[in-house]
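So the structure is just underneath, and the comments pick up after that.
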Amino acid sequence: MARSAENALSDVDSQNLSQIAQSVRGTFQSVEGMTQAFIREAIMQGIFPPGQRLNLDAIAESLGVSRMPVRASLRQLENEGLVQINHHRGATVSVLRPEEINEIYELRILLETYLLKLAIPALDDALVDQLETIAHELEDTTELGKRLELRFQLYEKLYQRAERPRALAQVGMLRGSVGRYLLLQRVDEQHSHEELIAQLRARDSESAIAWLVIHLRKVSQKLQDIVAREEMATA
């Protein structure tokens with residue numbers, strides 16, 4: 001799955017990196033924050049795939065910054081689980097094992113059912129209408145990257161009603177740690193959201209939570225199976 005560090009970026013990847021750099025410039029209060037966002041987004045989009053060694057000089061040059069904020073950003077991204085720093089190999093994009101994917105989804109289930117339980121009593125019909133519109137667009141979209149983006153929007157809007165920003169931030173971090181795998185492996189969380197929307201409209205917390213648990217477990221198992229097969233193929 002990992003791309004050799006010596007391989008040059010494709011023209012498409014180089015163009016995407018330039019676009020990411022343009023999008024983050026001037027939008028953060030610190031150079032370090034901008035650099036973190038740049039590296040994080042490049043990992044999420046698969047431009048820096050799992051296992052690839054990160055070239056500090058190339059990252060610094062892309063953003064027009066020194067190596068210092070790049071080093072600081074990599075340490076923060078290591079705390080988020082996106083990067084691994086080794087004294088001899090330098091910084092590489094983290095590679096998840098099946099058991100780590102399982103743990104991530106176990107944590108997601110705990111946190112997301114907690115947020116959903118708190119959010120449902122705070123819902124109003126206007127928000128449910130918005131969520132239904134996003135769900136319909138999701139079902140009509142075939143491009144995987146767009147589907148992942150729409151799914152993020154749907155759950156972000158829903159969970160915000162729980163008014164638990166720390167828990168929501170943790171969910172975002174966990175989702176981000178597997179998002180690149182969903183994209184790179186072409187794993188689509190295909191599970192119609194019409195049933196969930198109906199449960200939200202009825203304010204049926206028990207059924208909605210049960211639906212979410214089944215959904216997350218299915219995706220977790222599918223992703224674990226793919227990564228396990230890749231481990232066996234490269235062993």
Open item on the list: Looking at every heavy atom in both E32 and S73, which two are closest together, and how far apart are they?
Closed with: O-OG, 3.2 Å
Task: Heavy-atom pair of closest approach, residues P50 and V95 - done: C-CG2, 3.8 Å
Open item on the list: Checking salt bridge (charged side-chain N to carboxylate O under 4.0 Å, His left out) between R201 and each of E195, E194, E132, which is the one that passes?
Closed with: E132
Open item on the list: More than 12 heavy atoms of other residues, nucleotides or ligands under 6.0 Å from CD of E78: yes or no?
Closed with: yes
TODO: Return yes if some donor-acceptor pair links the side-chain N/O of R40 with the main-chain N/O of L77 below 3.5 Å, else return no.
DONE: no
Open item on the list: Is the shortest side-chain heavy-atom distance between L116 and I120 below 4.5 Å?
Closed with: yes
Open item on the list: Tell me whether L127 shares a hydrophobic cluster with L115, the cluster being built from Ile, Leu, Val, Met, Phe, Trp, Tyr side chains joined at under 4.5 Å.
Closed with: yes
Task: Path from V93 to I85 over hydrophobic side-chain contacts below 4.5 Å - done: yes
Task: Validation row: V65, M34 side chains within 4.5 angstrom (heavy atoms) - done: yes
- [ ] Quick one: do R67 and I59 satisfy side chain to side chain contact (heavy atoms under 4.5 Å, CB included)? Show the steps, please.
- [x] CA-CA 8 Å; R67 287 169 58 100; I59 293 171; over 6 Å; no
Open item on the list: Donor-acceptor check, side chain of S220 to backbone of R217, threshold 3.5 angstrom: yes or no?
Closed with: no
TODO: Please report the shortest heavy-atom distance between S66 and A60, naming the atom on each side.
DONE: O-CB, 3.8 Å
TODO: Answer whether the closest heavy-atom distance between the side chains of Y114 and R164 falls below 4.5 Å.
DONE: yes
Open item on the list: Just checking E156: does its CD atom have more than 12 heavy atoms from other residues, nucleotides or ligands closer to it than 6.0 angstrom?
Closed with: yes
- [ ] Decide yes or no for T133 and Q130: does some side-chain heavy atom of the first lie under 4.5 Å from some side-chain heavy atom of the second?
- [x] no
- [ ] Could you check D204, L200, L196, L216 and say which one makes a side-chain contact (heavy atoms from CB on, under 4.5 Å) with W211?
- [x] L196
Open item on the list: How about CD on E163, more than 12 heavy atoms from neighbouring residues, nucleotides or ligands closer than 6.0 Å, or not?
Closed with: no
Task: Atom pair CG/OH of L174 and Y105 - distance to nearest 0.5 Å - done: 10.0 Å
Task: Separation between CD of Q22 and OG of S62, rounded to the nearest 0.5 Å - done: 11.5 Å
Open item on the list: Using the rule given for side chain to side chain contact (heavy atoms under 4.5 Å, CB included), can you reason through K157 versus I134, listing the C-alpha separation, both sets of side-chain angles and the distance that settles it, and then say yes or no?
Closed with: CA-CA 10 Å; K157 281 182 175 291; I134 296 172; 3.7 Å; yes
Task: Distance in Å, E206 CD paired with K117 NZ, rounded so as to fall on 0.5 Å steps - done: 10.5 Å
Open item on the list: I'd like to know if the side chain of E139 reaches the main chain of H136, judged simply by a donor and an acceptor atom lying under 3.5 Å from each other, with no hydrogens or angles considered.
Closed with: no
Task: Nearest-0.5 Å distance, CG of residue L131 to CD of residue Q153 - done: 11.0 Å
Open item on the list: For a quick test of reading the model, state the closest non-hydrogen atom pair linking L123 to R203 and the distance between them.
Closed with: O-NH2, 3.5 Å
Open item on the list: Is the shortest side-chain heavy-atom distance between F38 and L17 below 4.5 Å?
Closed with: yes
Task: Aromatic centroids of Y155 and H193 separated by under 6.0 Å - done: yes
Task: Co-membership, hydrophobic cluster, residues I43 and F152, 4.5 Å side-chain - done: no
TODO: Could you grab the distance from atom CG of N102 to atom CD of Q224, nearest 0.5 Å is fine?
DONE: 4.5 Å
Task: Spacing of CG belonging to L212 relative to CD belonging to Q199, to within rounding of 0.5 Å - done: 10.0 Å
Open item on the list: Membership question, hydrophobic clusters at under 4.5 Å side-chain separation (ILVMFWY): are L107 and M173 in the same one?
Closed with: no
Open item on the list: Closer than 3.5 angstrom, by distance alone: can the side chain of S94 be matched with the main-chain N or O of V83 as a donor-acceptor pair?
Closed with: yes
Task: Distance-minimising heavy-atom pair for I47 and P49 - done: O-CD, 3.2 Å
Open item on the list: In the structure I gave you, are the side-chain heavy atoms of L74 and L56 within less than 4.5 Å of one another anywhere?
Closed with: yes
TODO: Would you indicate whether the side-chain heavy atoms of T92 and N86 approach each other to under 4.5 Å?
DONE: no
- [ ] Show the numbers, then the answer: is there a side chain to side chain contact (heavy atoms under 4.5 Å, CB included) between L118 and Y159?
- [x] CA-CA 8 Å; L118 291 174; Y159 294 156; over 6 Å; no
TODO: Answer yes if L154 and V213 sit in the same cluster of Ile, Leu, Val, Met, Phe, Trp and Tyr residues linked by side chain heavy atoms under 4.5 Å apart, and no otherwise.
DONE: yes
- [ ] Might you confirm whether atom CZ of R161 has over 12 heavy atoms from other residues, nucleotides or ligands at distances under 6.0 Å?
- [x] yes
Open item on the list: Quick one, I104 and L96 - any side-chain contact, counting heavy atoms below 4.5 Å?
Closed with: yes
